[in-house]
Participant: 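The structure's right below; bear with me while I get my questions together.
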Amino acid sequence: MAARTGLMYSPLTKRIYWGRYNGEGVATSSGKNKDVTSEFLQIMEQKFPINTSQNVSVSGENKFRVIVVDMDKEVVINGKKVE
């Protein structure tokens, strides 16, 4: 099976890459993966504007909620302040 291209997240570098990966979503070691972290975050801000929340559906069922707030907002989840 030929390698495909797509987005990948590296837990090691905490960066987002576009490049080749195998069928299991694992990046190849070709060294040609492009760091697209800044572009990805800019698109995320367009999709999820600051100070809004949106549900994320998987197969027509709401599975997650994305909440984006500016740095001046206090966020408390389960009684704990999120920094």
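All values derive from a computational prediction rather than experimental measurement.
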Participant: Let me confirm one number: the CZ-OG1 distance from Arg20 to Thr5, rounded to the nearest 0.5 Å.
Facilitator: 7.0 Å

Participant: Which pairs, with at least one residue in residues 33-46 and sequence neighbours excluded, count as a salt bridge (charged side-chain N to carboxylate O under 4.0 Å, His left out)?
Facilitator: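 Matches after skipping sequence neighbours: Arg15-Asp35.
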
Participant: With a cutoff of under 4.5 Å between side-chain heavy atoms, which Ile, Leu, Val, Met, Phe, Trp and Tyr residues group with Ile50?
Facilitator: Leu7, Tyr9, Ile16, Trp18, Val36, Phe40, Leu41, Met44, Phe48, Val56, Val58, Phe64, Val66, Val68

Participant: Thr13: which residues meet the side-chain hydrogen bond (donor to acceptor under 3.5 Å, both in side chains) condition with it, sequence neighbours left out?
Facilitator: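 side-chain hydrogen bond (donor to acceptor under 3.5 Å, both in side chains) list for Thr13, sorted by chain: Ser10, Tyr17.
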
Participant: List for me each residue that meets side chain to side chain contact (heavy atoms under 4.5 Å, CB included) alongside Ile77, sequence neighbours excluded, and say none if there are none.
Facilitator: Val75, Val82

Participant: Using the test side chain to side chain contact (heavy atoms under 4.5 Å, CB included), find all partners of Ser57 that sit at least two apart in sequence or belong to another chain.
Facilitator: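 Asn62.
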
Participant: Using side chain to side chain contact (heavy atoms under 4.5 Å, CB included) as the criterion, list what pairs up with Glu83, not counting sequence neighbours.
Facilitator: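 For Glu83, the residues satisfying side chain to side chain contact (heavy atoms under 4.5 Å, CB included) (neighbours in sequence not counted) are Lys81.
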
Participant: For Gly19 versus Met8, what's the shortest heavy-atom pair and its separation?
Facilitator: N-CE, 3.2 Å

